[in-house]
There are 4 protein chains.
Amino acid sequence: MTDQTAVLVGVGAGLGLALVKAFANDGYTVFAGARKASALKELSAAKDERVIPVDVDATDPAQIDDLFAIAEKKAPLAVSIFNAGTFVRSNVVDTSPEAFERCWRTGCFGGFLVARAAARLMLKRSAGTIIFTGATASLRGGAGFVNLASPKFALRAVAQSVARELGPQGIHVAHVIIDGQINAARHAHLTSEREADSLLEPDAIAKAYVALHRQHRSAWTQELDLRPWTEKF
Amino acid sequence: MTDQTAVLVGVGAGLGLALVKAFANDGYTVFAGARKASALKELSAAKDERVIPVDVDATDPAQIDDLFAIAEKKAPLAVSIFNAGTFVRSNVVDTSPEAFERCWRTGCFGGFLVARAAARLMLKRSAGTIIFTGATASLRGGAGFVNLASPKFALRAVAQSVARELGPQGIHVAHVIIDGQINAARHAHLTSEREADSLLEPDAIAKAYVALHRQHRSAWTQELDLRPWTEKF
Amino acid sequence: MTDQTAVLVGVGAGLGLALVKAFANDGYTVFAGARKASALKELSAAKDERVIPVDVDATDPAQIDDLFAIAEKKAPLAVSIFNAGTFVRSNVVDTSPEAFERCWRTGCFGGFLVARAAARLMLKRSAGTIIFTGATASLRGGAGFVNLASPKFALRAVAQSVARELGPQGIHVAHVIIDGQINAARHAHLTSEREADSLLEPDAIAKAYVALHRQHRSAWTQELDLRPWTEKF
Amino acid sequence: MTDQTAVLVGVGAGLGLALVKAFANDGYTVFAGARKASALKELSAAKDERVIPVDVDATDPAQIDDLFAIAEKKAPLAVSIFNAGTFVRSNVVDTSPEAFERCWRTGCFGGFLVARAAARLMLKRSAGTIIFTGATASLRGGAGFVNLASPKFALRAVAQSVARELGPQGIHVAHVIIDGQINAARHAHLTSEREADSLLEPDAIAKAYVALHRQHRSAWTQELDLRPWTEKF
């Protein structure tokens, strides 16, 4: 048990919920920022006093700043995770400027806001961990993926820039490249063993995030990839 | 001489002007989109009938679409170059959401709009070249450079995605990483020879863009770097 | 405690010894391949029955095959780590073909031999972990570093190729990029706290190797970096 | 016409012959190092006095040094190209140490020898161009490709290291990533147009090499890729 808080932004489905659970189990009071009613409902249903669901628009600077202020008021902020993103597959000629902007706003701008708010608090103590969720599209663009790759590349640049700025001030900044499909099944026992671990298990991913947070500052990881054993890459 | 047009967006200083001159010399009618009065004045002063200065806001979808429509009306669009960008160095904690957004809007969103407008016209003929100007910050973030790296990474993702989408349809899409300082001196003869070519010469860069456009489609380059011989990298 | 073995090749100094200790503590019988008399002596002096020092030439196929055969005879091989390398800084014009070849032989060829021997045993059980130690020079060449970068790039290619070949057969292959100077001090308490963790602590690195081995196969890491918080990168 | 020489090592098939022709047409006396009798025969058959076929083992330091000494004796060396390589697809467990070593010796060690010999001559004049032929496998390993990727990665490290060492001394060092299949057909007119340029045309590639050599030193390219318009990447 710690007397510290973690703030997660972008709790939409499997991975977000697993991250909330993992850091709550690690002893943190977790402020779980979500937009989807289903996610907020599921967070509340768990009745875990360590988990505080918050309806937050990750693209609104004031809402993000408020979320972090509330968490810090409860207890010192130790961990901040940005896990949001949205994407609709389309060719560049068919992509509206509005859709392109919306994907950037959710996938990158929100990440900048989260990093900035977290950094301001963590710098007071020269300690803390900021983690960004990336994807295969963080490393390469593809036909039909301009809406995903562009924000994901941009978010990776934020992670690198912030890591180089904050590392020497004691704050660990990491970027996780998730390469493969995440298992969304609620009831993994319904699937065969082989099928199950051909997908990324949310709990296994969350374990890697916790391990990143626990790294000693003499040997910090800035970037790692995660993929299922069966993945072609 | 050709009876085709080139559209350049982001003619602010040395490189933009050199690109305009190079493609005009190569026989294209060049529509040179600029924002700065000084650039527009300099473009007009050249009194080159092959060069048509246009005051355009690269971040406005309607203005970009209009610019390309006007060019295409004059003659078929053969070349499109996105060369815009803006940047103010600052740490992430000191960067306002407005500044972060403005840099993305100029450095990436404008590039998406240009690529989209160019692609729609070029696809009619299954031919044409789209080139994006990148920088060292397209490949790595750095402390104080979040405002530059994030849009530049995002623009590179656009270039890659569009290249993979449009290449097999006959359109050449390339991304040029400019690594080093561009020589802004109007009168290069005022500087010593060694000093002069320790900086990137705009005309030498422009030559590389023309060479990209001339490549045979059996051997297209998607990305190349350009740096002065004295540059540490 | 497990009834399995680990084979480490390239136990020369701080990191090698820390890796041996970490996997022994994790319950493995560790075969520690070394060339330096000092390392072999230190391994013996520890009087840990879980650690078996072996004088081995990592560049000799027969010796590597023998080492793995002996380990497998003792107990099933679960972990294999290649940590060898050698390097003398020199410009390309001053580098003898012999020196260039020697650095490749130690830094890459040995890694191939280790991966091949480990893979042959691990494939029988469709299980096991193979880890390679990389460096900053695995990602970029530099003036004076041709002897280091060339083998390190080559070793990374081995790691990637083997990962893509063996992953779907149940064997986890990872490459660790160590970016910074490793603390070689025996008595860390002699240094100030700040100085101490400005260098990579061998025990902190070793912890990351153990964590890689423990990852669930639904979320394996192929590559991660490790650097001290104070490192410029 | 120039009164300078070019040395090419690795003239085995389509691309090598096209490079020889391109630099001869550009006015250089080209020393064309080859191993295959067929290539040597074809070079002789062309009866171009600007082309001098040389039977050379690229992996023998003395033969490489001799080749460059002979070229320099004829006229100052201006261009050096390393284009050799060999590869047999096989899994790591099936790859003999001899095969792995042979592929490195031809694909990387030879490149080092060529760069070293060229650099020694070019440094006398602080001028010249050294180009290495890379491949998709220079950037990523793959199952069954350990024998190709490992030397190609290693060669790229040589190119980068030598570029950073020799650039500031006036020597241009570039690495070309050839991504796709090269058209080996002697009589391109036998194939349909679409088929023909779905493959990389040797003459189109050679043109890019000549363009690299001609770049002004204020804007040098260190790396570029070349692929056919239809290539998935």
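Just so you know, these numbers use all the heavy atoms, side chains as well, and skip hydrogens, waters and symmetry mates. Below, chain A is the first sequence line, B the second, and so on; all start at residue 1. Bear in mind that the values here come from a model prediction, so they are computed numbers and not experimental data.
A heavy-atom distance below 4.5 Å is found between the side chains of A/Arg116 and B/Pro97. Looking only at side-chain heavy atoms (C-beta outward), A/Ile131 and A/His172 stay at 4.5 Å or farther from each other. Contact annotation: the side chain of A/Arg89 never approaches that of A/Leu148 to less than 4.5 Å [non-hydrogen atoms, C-beta and beyond].
In this structure, the portion of A/Leu139 lying under 4.5 Å from any heavy atom of chain B is its backbone and not its side chain. Looking at A/Thr59, neither its backbone nor its side chain comes within 4.5 Å of chain B, counting heavy atoms on both sides. With a 4.5 Å cut-off on non-hydrogen atoms, A/Pro61 touches chain B through its side chain but not through its backbone. Looking at A/Arg105, the atoms closer than 4.5 Å to chain B (heavy atoms on both sides) all sit in the side chain, from C-beta outward.
Contacts with chain B were tallied for A/Asn147, A/Asp94, A/Asn91, A/Leu166; A/Asn91 has the most, counting heavy-atom pairs under 4.5 Å. Contact tally against chain B (heavy-atom pairs below 4.5 Å) for A/Leu113, A/Val162, A/Thr95: the top residue is A/Thr95. Between chain A and the options B/Gly141, B/Ala119, B/Ala115, B/Gly144, heavy-atom pairs under 4.5 Å are most frequent for B/Gly141. Counting heavy-atom pairs closer than 4.5 Å to chain B, the top residue among A/Ala159, A/Ala163, A/Ala149, A/Ser150 is A/Ser150. Of the residues considered (A/Ser138, A/Ala143, A/Pro151), A/Ala143 shows the highest number of contacts with chain B, using heavy-atom pairs under 4.5 Å. Looking only at heavy-atom pairs under 4.5 Å with chain B, the residue among A/Leu123, A/Val93, A/Leu155 that has the most is A/Val93. Most heavy-atom pairs under 4.5 Å with chain B: of the set A/Phe145, A/Trp104, A/Phe109, this distinction falls to A/Trp104.
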Checklist entry - Which is it for B/Tyr28 and B/His213 under the ring pair (Phe, Tyr, Trp, His ring centres under 6.0 Å) test, yes or no, and what are the steps along the way? => result CA-CA 12 Å; B/Tyr28 295 91; B/His213 172 53; 5.4 Å; yes

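Looking only at atom types and distance, the side chain of A/Thr129 has no donor-acceptor partner in the side chain of A/Tyr209 under 3.5 Å away. When only modelled atom types and interatomic distance are considered, A/Gln215 and A/Thr221 share a side-chain donor-acceptor pair under 3.5 Å.
Not less than 6.0 angstrom separates the ring centroid of B/Phe31 from the ring centroid of B/Phe68.
One distance of note links CG of A/Leu226 with CD1 of A/Ile178; it measures 6.0 Å at 0.5 Å rounding.
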